[in-house]
Amino acid sequence: MTARTQGYFFILITMCIWGGFTIFSRLNAHWHVSVWDLVAMRFAIASLILLPVLIYKKDLAFLWNPRPVILALIGGLVYCLTVYSAFLHAPAAHAAIFLNGCIPLCTAVAAYILFRQPFDKHTWASLIIMMSALLLMSYLMLHDQASGLGVGDLLLFVSAIWWGIFTVLLKQWKLSAWHATAGVVIWSAIIYLPIYLLFIPKHFHEATPAHLLIQGLFHGVLVVIVATLTYVAAIERLGAFKTGSIVTLAPFIAALIAVPLLNEPLNAAIVCGLIGMGIGALQPWRWLRKDSLAAQLARQKQG
């Protein structure tokens, strides 16, 4: 396959896993898998895979830097505990709006607060579109008591804030994808697992072994390791903007799949939120601008 074809292949894998993250996280509510148990399985399984690789490569020195510890606390433990708790209370469509739709905005705000990076015109345009969509959605929800906002939506937005801070720090500190992934996993396991084993009640008996195995392998292997590697591989072949824009569609597609699969509601308010937040996150005008520039260059070459 050409590099371009390989890039789209890696994007497809990433989208399947990221979209599956929404579906499988929502299934925890149906399968009675505890958030505390899931976080423990996620980091225990991933660390058992990554730690031997680090030892084999003799690549452990970076772990003693405080930066991987900070990233593990924000983008590992706090994010996972918050987002998994949110999925117990909010449907997939709400996650697409308040988590995935808000991550680009929260990242831009975190970059400004932490490092005084100004908003560009694309960020301002996304902000206007997203705020308009949220206002319209809120107005429609006022007339539909059954689809009101709840604690799950607040937790999803808080999760977007954590991930935005994590993304900004990761970019500023310039850690490689491998070191970032391994550092977050190893330090999350070191910090969380002793606390979990000693002080947190276990609820494995409430879920079936098959469901625990599925969730552990999906979140501990596919989400943490495979999706990270395929996402980075796609960026190397297609660029950050095209890759990021395409994979952003995954949670919105998952929200639609969850309607028949998990019997989740979908009304006019949620549809307005999905469309508005999707447009704001994807920034399609940048695609149109790139296409017009490419057409102009092609005409210049022909002339």
Side-chain angles (χ1 to χ4, degrees), residues 17-51 54 63 68-92 94-95 98-100 103 106 151-167 169-170 180-228 231 251 254:
I17 296 174
W18 284 14
F21 176 83
T22 300
I23 301 297
F24 278 88
S25 296
R26 280 294 294 155
L27 281 172
N28 288 325
H30 300 271
W31 290 355
H32 307 291
V33 178
S34 165
V35 170
W36 304 102
D37 297 338
L38 179 59
V39 174
M41 290 190 296
R42 171 182 175 129
F43 292 119
I45 294 172
S47 61
L48 288 175
I49 296 173
L50 294 179
L51 188 57
L54 290 175
L63 289 174
V69 181
I70 296 172
L71 291 174
L73 289 171
I74 297 174
L77 290 178
V78 177
Y79 171 78
C80 285
L81 290 171
T82 307
V83 77
Y84 287 140
S85 299
F87 275 114
L88 296 179
H89 304 284
H94 287 220
F98 295 104
L99 175 64
N100 305 99
I103 281 177
C106 292
V151 64
D153 302 301
L154 176 61
L155 289 173
L156 287 169
F157 182 71
V158 173
S159 301
I161 295 174
W162 292 130
W163 194 257
I165 296 172
F166 172 79
T167 302
L169 293 178
L170 186 60
T181 302
V184 167
V185 167
I186 300 300
W187 276 112
S188 295
I190 291 173
I191 296 170
Y192 179 73
L193 291 180
I195 298 173
Y196 170 77
L197 292 173
L198 292 174
F199 302 108
I200 297 176
K202 319 301 182 291
H203 299 277
F204 289 113
H205 63 280
E206 297 179 4
T208 65
H211 291 164
L212 291 172
L213 179 63
I214 291 171
Q215 293 285 19
L217 292 177
F218 180 82
H219 291 278
V221 179
L222 293 182
V223 173
V224 176
I225 301 174
V226 176
T228 301
Y231 183 63

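Not measured: the values here are computed from a predicted model. Counting from 1, the numbers follow the sequence of the chain as shown.
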For [X] and [Y], work out which heavy atoms get closest and say how close.
| X | Y | result |
| --- | --- | --- |
| Ala189 | Pro194 | O-CD, 3.6 Å |
| Ala72 | Gly183 | CB-O, 4.2 Å |
| Cys106 | Ala160 | CB-O, 3.5 Å |
| Ala254 | Ile23 | O-CD1, 3.5 Å |
| Gly152 | Ala86 | O-CB, 3.6 Å |

State, yes or no, whether a side-chain contact exists between [X] and [Y] at a heavy-atom distance under 4.5 Å.
| X | Y | value |
| --- | --- | --- |
| Leu27 | Phe218 | no |
| Phe24 | Val223 | no |
| Leu212 | Val33 | yes |
| Tyr192 | Ile200 | yes |
| Cys80 | His219 | no |
| Phe87 | Thr22 | yes |

Stepwise side-chain contact (heavy atoms from CB on, under 4.5 Å) test for Ile70 and Leu169: CA-CA 9 Å; Ile70 296 172; Leu169 293 178; 4.3 Å; yes

Going by salt bridge (Lys or Arg N to Asp or Glu O under 4.0 Å), name the pairs with one or both residues in residues 186-206, residues two or more places apart or in two chains. none

Step-by-step side-chain contact (heavy atoms from CB on, under 4.5 Å) determination, Trp162 to Thr82: CA-CA 9 Å; Trp162 292 130; Thr82 307; 3.7 Å; yes

Phe21 atom CZ, over 12 foreign heavy atoms within 6.0 Å: yes

Straight-line distance of [X] [atom1] to [Y] [atom2], nearest 0.5 Å:
| X | Y | atom1 | atom2 | result |
| --- | --- | --- | --- | --- |
| Ile186 | Leu51 | CD1 | CG | 4.5 Å |
| Ser34 | Gln215 | OG | CD | 11.5 Å |
| Ile195 | Ile190 | CD1 | CD1 | 12.0 Å |
| Leu81 | Ser159 | CG | OG | 10.0 Å |
| Leu88 | Ser25 | CG | OG | 9.0 Å |
| Leu193 | Leu198 | CG | CG | 10.5 Å |

Please walk me through it: do Leu155 and Val83 pass side-chain contact (heavy atoms from CB on, under 4.5 Å)? CA-CA 7 Å; Leu155 289 173; Val83 77; over 6 Å; no

Tell me if the aromatic rings of Phe166 and Trp163 count as close, with their centers under 6.0 Å from one another.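 Yes; Trp163 has its ring centre under 6.0 Å from that of Phe166.
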
Donor-acceptor list for residues 36-46 side chains, cut-off 3.5 Å, not counting sequence neighbours:
unit_1: Asp37; atom_1: OD1; unit_2: Tyr196; atom_2: OH; d: 2.6
unit_1: Asp37; atom_1: OD2; unit_2: His203; atom_2: N; d: 2.9
unit_1: Asp37; atom_1: OD2; unit_2: Phe204; atom_2: N; d: 3.4
unit_1: Arg42; atom_1: NH1; unit_2: Tyr84; atom_2: OH; d: 2.8

Evaluate side-chain contact (heavy atoms from CB on, under 4.5 Å) for Leu63 paired with Leu54, printing each intermediate quantity in order. CA-CA 10 Å; Leu63 289 174; Leu54 290 175; 4.3 Å; yes

Among Val226, Val221, Thr228, exactly one meets side chain to side chain contact (heavy atoms under 4.5 Å, CB included) together with Ile17. Which residue is that? Val226

Please enumerate all residues that pass side chain to side chain contact (heavy atoms under 4.5 Å, CB included) together with Pro91, with sequence neighbours excluded.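 Side chain to side chain contact (heavy atoms under 4.5 Å, CB included) list for Pro91, sorted by chain: His94, Glu264.
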
